[in-house]
Amino acid sequence: MAAGKTDAQIAERLGGTAKQVSEQRARLLARLQINSPDEIADAAERWASWPGYRGIT
């Protein structure tokens, strides 16, 4: 998400459908109380610095 990929691109990479990715994105953002693309990028930057974080590109 932080890389600006569309739901369809994420679905292609991880499997599933764009609709499934969209629903999971909404659940994740609600749970994390993230409301804007800037907040997504900020959270991704913080988590990327965690030891052992591998991320998906």
Side-chain angles (χ1 to χ4, degrees):
M1 288 184 283
K5 295 187 185 293
T6 65
D7 292 343
Q9 291 169 321
I10 295 168
E12 182 179 321
R13 173 78 168 113
L14 298 178
T17 67
K19 182 179 178 186
Q20 290 170 322
V21 171
S22 175
E23 291 169 355
Q24 290 298 324
R25 175 194 305 260
R27 286 186 189 121
L28 175 64
L29 296 180
R31 176 172 261 180
L32 296 174
Q33 299 178 345
I34 293 176
N35 299 306
S36 74
D38 289 339
E39 289 176 346
I40 294 171
D42 180 54
E45 186 176 315
R46 283 183 286 134
W47 293 326
S49 67
W50 288 3
Y53 176 77
R54 294 178 301 169
I56 295 175
T57 57

Working to the nearest 0.5 angstrom, can you tell me the gap between [X] [atom1] and [Y] [atom2]?
| X | Y | atom1 | atom2 | result |
| --- | --- | --- | --- | --- |
| I40 | R25 | CD1 | CZ | 6.0 Å |
| R31 | L29 | CZ | CG | 12.0 Å |
| Q24 | I10 | CD | CD1 | 11.5 Å |

- E12 atom CD, neighbour heavy-atom count above 12 within 6.0 Å: no
- Shortest non-hydrogen separation from A18 to A11 and the atoms involved: N-CB, 3.7 Å
